[in-house]
Amino acid sequence: MLETNVRVRFAPSPTGGLHLGGVRTVLYNYLFAKKHGGKFIVRIEDTDQTRFVEGAEQYIFDCLKWCGMEPDESPLHEGMYGPYRQSERKASYRNYAEQLIENGFAYYAFDTPEELEQMRNTLKTEENPSPQYDGNVRMNMKNSLSLPADEVTRLLKENTRHVIRIKMPANETISFTDMIHGEVSFESSLVDDKVLLKADGMPTYHLAVVVDDYLMKITHAFRGEEWLSSAPVHILLWKYLFGLDQMPQWAHLPLILGPSGKLSKRDGAKYGFPVFAMNWTDGKTNELTEGFKEKGFLPEAFINLLAVLGWNDGSEQELFSMDELIEKFSIERVHKGGAKFDFEKAKWYNQEWIKKLPATVYKSRVKEIFEAKDLFINDDAHFTKVLDLVKDRCTLLPDFYDQASYFFKAPSQWDTDAVKPKWNESKTDFFNEFCSQLEKIESWKLENIEISFKELAAEKNIKPGELQLPMRIMLVGGKFGPAVFEIAAMIGKTETIQRIKKALSIFNA
RNA sequence: GCCGCGUUGGUCAAGGGGUUAAGACGCCUCCCUUUCACGGAGGAAUCACGGGUUCGAAUCCCGUACGUGGUACCA
């Protein structure tokens, strides 16, 4: 393998949100490039103006940035092989298409959309619901193969709308070696004469990938498995245009599936999990599709869970940082079969990464969540301490609000059902006296509070355990959170006493 | 319909002729903790089916079923 000049590319069309499968395709490209000291290129495939969506390109770059996968070359950082948007390379494609015609590998086709539809309708049968424009029908259509030469010249001269189609050979077995699937082969007679250049002069994907991969010196082409069926067209184009020896090595990545079949935006709404990397709002319908970021995922976790959805290094390791992935990734170990996305497991990865990373890494994001709920933080160091204290209990970033807001704000509701059944006067008495004891503590530390609490409990002959739960409810409002004395130590003397007194009045009301 | 690709517990998966068929998520039980988690110890649950080949098949071959992608002047 040529390690020195590996060049891979991610080639999205700017038509909407970036979903799981897309991010994983980027990731595998990125990992492969970094592992081999190569370049990771992003090329925007915007050859279909009808599907162009405002803002979609910027959105893609935002997602890549959030994930920590910055391209070496892209429309934003042009390298030596620009431009990096296919719409801006329009001029270069036609020559290649015409070169194919000259060599007998392609032809002009003048059929109108209506004529194409008519052909499909008349040829359609139950056994063949979607007839192709292929070797069987092309001589009955309007193209430079079926029409007399002078007629073709005339049509061309009159600027008749036309496309250029590849002429699939009659009986040829087209095969290639996929880095994941191994040897894959197709019969040329079963593949249709795909359009290469559209009537508006734009190339289709088929022509554009081949030409651009060549021009951009792409060495390895990784893409979703949905492309496997059209691979024979690409192989042929490489053979006709640049030579098979120049062709990149292909890898067709397995699909990521949803709970019931293929993963769709709908699944997200239906099962309550994100499918896009980041929030995406459809410009036309104004419909918002939630992203992993906004759901409260850490990019480290998102990358990790995507990496192992269809790949593993053969060991028992489950948690990988980006650097470890770069070190250990190998395209050959990518699975052949599609994998069903499991949100429960995805959450587990996030929880693991929250535990693993120091709170300083994600503190600003948690702070934003707090602020969105009108809880403002002024002491950052203290905030970090609190987050580190409660992070074992959080799976998604918004969980921090439930797990930590009471450190900054006294509870306004109390789980009285948890205390009332066993509440009595002697306990009221205890807590009243405990408050006076607390007043006397000079060094407000966890141990001192706990000692004071236990000594008083012994004196009053009450089991400390029976008092801890009420105390917890007093301080946090519910049955959750870290050790009570830890909480008391954290919120301070005055606040602790205030909360106990307030709760006492509620419990005894 | 045709073509391509796939198929190890519910999910992600290791293993690729001889294994008690790893591990993880989820689920259940117990321990820790008089909160909730974390952590720890256990448990239930699997080689899609049918034929071959072989002393021996989850592993190799062939069928079938199922899933998935393509079958556009979309990518």
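Each chain gets a letter, A, B and so on, in the order its sequence line appears, and its residues count up from 1.
Across all strands shown, B:A22 has no partner, as no Watson-Crick or G-U wobble contact with both distances under 3.5 Å is found. For B:A41, the paired base is B:U29 (Watson-Crick or G-U wobble, both distances below 3.5 Å). Nucleotide B:G69: paired with B:C3 (Watson-Crick or G-U wobble, both distances less than 3.5 Å). As the counterpart of B:U64, B:A48 is assigned, both hydrogen-bonding distances of the Watson-Crick or G-U wobble pattern falling under 3.5 Å.
Of the N and O atoms on the side chains of A:Thr395 and A:Asn350, not one donor lies less than 3.5 Å from an acceptor on the other residue. If you check the side chains of A:Asn171 and A:Glu187, you find no donor sitting under 3.5 Å from an acceptor.
In terms of position along RNA chain B, the nucleotide closest to A:Pro129 lies nearer the 5' end than the nucleotide closest to the other residue of the pair A:Pro129 and A:Arg51. Place A:Ala346 and A:Arg472 on RNA chain B by their nearest nucleotides, and A:Ala346 ends up nearer the 5' end.
A:Ile44 places its CD1 atom 14 Å from the P atom of B:A75, with the value rounded to the nearest Å. Rounded to whole Å, atom P of B:A72 lies 9 Å from atom CE of A:Met119. Put simply, NE2 on A:His234 is 17 Å from P on B:G4, counting in whole angstrom units. Protein atom CZ of A:Phe453 is 11 Å distant from nucleotide atom P of B:U34, rounded to whole Å.
For A:Ser230 against B:G70, no side-chain N or O and base N or O form a donor-acceptor pair under 3.5 Å. For A:Lys194 and B:A72, a side-chain-to-base donor-acceptor distance below 3.5 Å is absent, hydrogens and geometry of angles not being considered.
Contacts of A:Arg120 with the nucleic acid, taken as non-hydrogen atoms under 4.0 Å apart, involve only primed sugar atoms and P, OP1 or OP2. Residue contacts shown for A:Gly481 include a base, since a base heavy atom lies under 4.0 Å away.
Ring geometry for A:Phe329 against A:Trp311 counts as tilted: the plane angle lies between 30° and 60°, on a 0 to 90° scale.
Within the cation-pi definition used here (under 6.0 Å to the ring centroid, within 45° of the axis), A:Arg165 does not qualify as a partner of A:Tyr108.
In the set B:A37, B:A13, B:C74, the nucleotide with an atom closest to the side chain of A:Thr204 is B:C74. Side-chain proximity of A:Leu255 to B:A14, B:U34, B:G69: nearest is B:G69.
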